[in-house]
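What follows is a short report on a single structure.
The model shown is predicted, which means the values in this text are computed figures rather than measured ones.
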Amino acid sequence: MATLSSFSFSLISPNGGIYRDKFQNNRTNCLLCGEILLKRRRRLVAGGDFGRLNSVIRSCYNGESNQSSDDSTSSSSNGERESNDSSNLATMTPAENDSEDNVDDPPASASSREPSFTPAYSNFQVDSFKLMELLGPEKVDPSDVKVIKDKLFGYSTFWVTREEPFGDFGEGILFLGNLRGKREDVFSKLQTQLKEIMGDKYNLFMVEEPNSEEEDPRGGPRVSFGLLRKEVSEPGQTTLWQYVIAFLLFLFTIGSSVELGIASQVSRLPPDIVKYFTDPDAVEPPDMQQLVPFVESALPLSYGVLGVQIFHEVGHFFAAFPRNVKLSIPYFIPNITLGSFGAITQFKSILPDRKAKVDISLTGPFAGAALSFSMFAVGLLLSSNPSEAGDMIQVPSMLFQGSLLLGLISRAVLGYTTMHAATVSIHPLVIAGWCGLTTSAFNLLPVGCLDGGRAMQGAFGKNALIASGLATYSLLGLGVLGGPLSLPWGLYVLICQRNPEKPCLNDVSEVGTWRKAVFAAAIFLVVMTLLPVWDELAEELGIGLVTSL
């Protein structure tokens with residue numbers, strides 16, 4: 001079945017494409033079948049003549065001049081025609097073959113090769129090719145390609161020299177050639193003309209030319225133009241089940257936020273409750289009704305954690321709305337340590353350019369971080385004046401060793417004496433702000449499809465994202481960033497957010513220096529936030545009572 005699968009995907013790819021290359025690497029020297037798949041696929045599949053296709057394939061593999069007995073169901077005229085085709089292929093020279101009007105005939109030299117395997121494809125197997133053709137993505141109409149080449153491209157815009165498959169499954173067309181003007185002006189003109197010619201049937205992408213050996217004479221990378229059908233290139237609509245899943249995840253996130261609020265009151269919780277959740281040898285569960293009185297006091301912190309996550313998503317939507325970019329409903333990810341890992345928000349329309357990708361990606365975590373830092377700062381000010389702060393909670397001083405940046409700020413506000421103790425009295429807003437800042441920093445890591453990964457891809461390109469992603473995975477795996485949260489966060493990214501974002505319509509134009517500078521500054525703050533304070537520095541700064549542990 002592995003051979004059939006590779007064979008089938010070569011058959012359904014319009015011009016061979018990436019699956020042509022895959023098949024050629026695994027066809028075990030069967031050049032004749034490779035040519036048949038690439039040249040005769042469109043005519044035979046479109047005409048439904050699968051019996052003839054089956055016969056030709058067998059002749060190619062077996063070197064026979066006549067059809068095998070398994071093809072007896074075909075008409076005698078078809079059998080004679082296939083026999084003649086096979087005989088002619090076996091005796092024709094490559095030069096004669098190329099001169100024939102019928103470009104479907106393969107070169108004869110391949111028929112003399114000894115194949116390493118001899119599969120006998122049945123009519124049922126060949127019929128499966130048509131099923132895969134129907135189930136595959138909608139391809140670009142060849143007649144439309146001809147019209148677009150004649151009316152869209154030209155000397156004044158983009159001179160096409162060759163075409164290649166485009167898209168994940170080779171369902172589109174990539175036009176390669178020479179740019180004849182400023183890339184942004186040419187792209188805008190081509191988009192307008194495409195809509196006039198084809199309406200809303202296709203999307204046109206301007207991307208960097210793959211495997212280009214030189215830059216454009218006008219500066220910058222050489223560009224190509226990819227054509228995809230709208231129903232293939234644009235993301236699908238949100239389904240009812242996705243709404244249900246998003247709602248359930250939001251309920252779980254509310255629960256994890258309340259649990260965080262209860263856990264922050266660990267100094268006041270009943271001893272048997274604390275022992276059950278902290279002692280690995282504890283087996284007998286306590287009476288959970290004892291937690292009910294602590295729920296009400298946990299709500300303010302829970303509201304703060306949820307408010308940061310909602311503010312984060314609102315920031316995304318406010319940045320996307322003026323650019324006509326649609327976003328999916330957010331899928332909140334619950335976490336008992338931070339209340340939430342944030343949310344997964346998908347693009348439901350194609351981004352116009354890389355500037356929009358950077359702006360939309362950064363606005364969300366910046367908004368969440370702004371609210372988080374406000375709560376963190378107010379909480380520290382209230383903690384420095386306990387008489388006016390109201391309810392305070394006791395937390396271990398080691399908590400402040402989880403972040404170099406936040407630990408230094410806390411040390412500066414609360415002072416050496418307060419911080420250099422076993423426990424510290426703080427306002428719940430400090431916990432809410434700390435968790436929000438940590439979550440925002442995690443989401444700004446330049447890896448995968450996180451907000452930071454999208455911004456990295458938009459600002460510096462896909463190659464920069466690959467390099468920064470490897471570095472981020474290494475730092476998370478070593479526990480350098482995030483401390484005890486590095487492993488669960490790394491697993492979350494690998495499972496849910498590892499794939500980079502798809503290209504924009506204009507995936508070439510630069511985003512500008514100031515956007516790159518803002519993002520670079522944000523990455524520096526992210527590292528400072530997620531970098532733990534090592535024991536020697538913590539003891540010197542008075543962040544936690546390290547010597548007593």
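Counting heavy atoms from C-beta outward, Leu362 and Leu444 have side chains that approach closer than 4.5 Å. Val223 is not listed as a side-chain neighbour of Phe187, based on a closest heavy-atom distance of 4.5 Å or more. For the pair Arg323/Lys355, no side-chain contact is recorded, criterion being any heavy-atom separation below 4.5 Å from C-beta on. Residues Gln309 and Thr253 form no side-chain contact, since every pair of their non-hydrogen atoms from C-beta on lies 4.5 Å or further apart. Contact of the Asp200 side chain with the Lys195 side chain is registered, since non-hydrogen atoms from C-beta on lie closer than 4.5 Å. Here the side chains of Leu405 and Ser403 are in contact, with some heavy-atom distance below 4.5 Å. Contact of the Phe347 side chain with the Leu327 side chain is registered, since non-hydrogen atoms from C-beta on lie closer than 4.5 Å. Between Val480 and Ser474, the closest side-chain pair of non-hydrogen atoms is not below 4.5 Å.
Using a 3.5 Å distance cut-off with no hydrogens or angles, the side chains of His312 and Asp451 do pair a donor with an acceptor. A donor and an acceptor atom, one from each side chain of Ser233 and Asn203, are located under 3.5 Å apart.
With rounding to the nearest 0.5 angstrom, the CD atom of Glu209 is 5.0 Å from the CZ atom of Arg222. With rounding to the nearest 0.5 angstrom, the OG atom of Ser328 is 10.0 Å from the NE2 atom of His316. Atom CG of Leu494 and atom CG of Leu476 lie 9.0 Å apart (nearest 0.5 Å). Interatomic distance, CE of Met198 versus CG of Asp141, reported as 8.0 Å (0.5 Å rounding). Atom CZ of Arg411 sits about 13.0 Å away from atom OG of Ser397, to the nearest 0.5 Å. Atom CG of Leu450 sits about 10.5 Å away from atom CZ of Phe442, to the nearest 0.5 Å.
Remark: the backbone N or O of Pro221 is paired with a side-chain donor or acceptor of Arg183 at under 3.5 angstrom. Remark: the backbone N or O of Ile333 is paired with a side-chain donor or acceptor of Ser340 at under 3.5 angstrom. Not one N or O on the side chain of Ser188 forms a donor-acceptor pair closer than 3.5 Å with the backbone of Asp185. Side-chain N or O atoms of Gln401 include none that pairs as donor or acceptor with a backbone N or O of Met398 at under 3.5 Å. With hydrogens and angles disregarded, no donor-acceptor distance shorter than 3.5 Å links the side chain of Ser224 to the backbone of Val207. Between the side chain of Thr439 and the backbone N or O of Phe341 there is no donor-acceptor pair closer than 3.5 Å.
With sequence neighbours excluded, no residue satisfies salt bridge (Lys or Arg N to Asp or Glu O under 4.0 Å) with Glu208. Residues satisfying the salt bridge (Lys or Arg N to Asp or Glu O under 4.0 Å) criterion with Arg515, sequence neighbours excluded, are Asp359. Considering only residues two or more places apart in sequence or on other chains, Glu231 meets the salt bridge (Lys or Arg N to Asp or Glu O under 4.0 Å) condition with Arg229.
When the options Asn335, Ile344, Leu485, Leu487 are evaluated for a side-chain contact (heavy atoms from CB on, under 4.5 Å) with Tyr492, the one that passes is Ile344.
Within a 6.0 Å sphere centred on NZ of Lys502, heavy atoms belonging to other residues, nucleotides or ligands number 12 at most. Counted within 6.0 Å of NZ on Lys201, heavy atoms from surrounding residues, nucleotides or ligands total more than 12; the atom is thus considered enclosed. Residue-environment remark: CZ (Phe311) stays at or below the threshold of 12 foreign heavy atoms within 6.0 Å. Atom NZ of Lys516 is surrounded by more than 12 heavy atoms from other residues, nucleotides or ligands within 6.0 Å. Phe252 CZ: 12 or fewer foreign heavy atoms inside a 6.0 Å radius.
When all heavy atoms are compared, the tightest approach of Ser468 to Met456 is OG-CG, 3.6 Å. Pairing each heavy atom of Ile173 with each of Phe166, the nearest pair is C-CB, 3.6 Å. Closest of all the heavy-atom pairs between Pro532 and Leu530 is CD-O, 3.2 Å. When all heavy atoms of Val508 and Arg354 are compared, the pair lying nearest together is O-NH1, 3.4 Å. In terms of heavy atoms, Glu501 sits closest to Cys449 at OE1-SG, 3.0 Å. Smallest separation of non-hydrogen atoms from Ser302 and Ser257: OG-O, 2.9 Å.
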Mind running side-chain contact (heavy atoms from CB on, under 4.5 Å) on Val511 and Phe519 for me, showing each step along the way? CA-CA 11 Å; Val511 300; Phe519 179 61; over 6 Å; no
Could you walk me through whether Phe400 and Val395 pass side-chain contact (heavy atoms from CB on, under 4.5 Å), step by step? CA-CA 9 Å; Phe400 296 91; Val395 297; 4.3 Å; yes
Does the side-chain contact (heavy atoms from CB on, under 4.5 Å) test come out yes or no for Val526 and Leu481, once each step is laid out? CA-CA 9 Å; Val526 164; Leu481 295 178; over 6 Å; no
Run the numbers on Phe373 and Ile409 for side-chain contact (heavy atoms from CB on, under 4.5 Å), then give the verdict. CA-CA 11 Å; Phe373 188 78; Ile409 295 175; 4.0 Å; yes
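In this structure, Phe250 and Phe332 have tilted ring planes: the angle between them lies in the 30° to 60° band. Between Phe376 and Trp434, the ring planes are perpendicular. Angles over 60° get that label, and only those under 30° would be called parallel.
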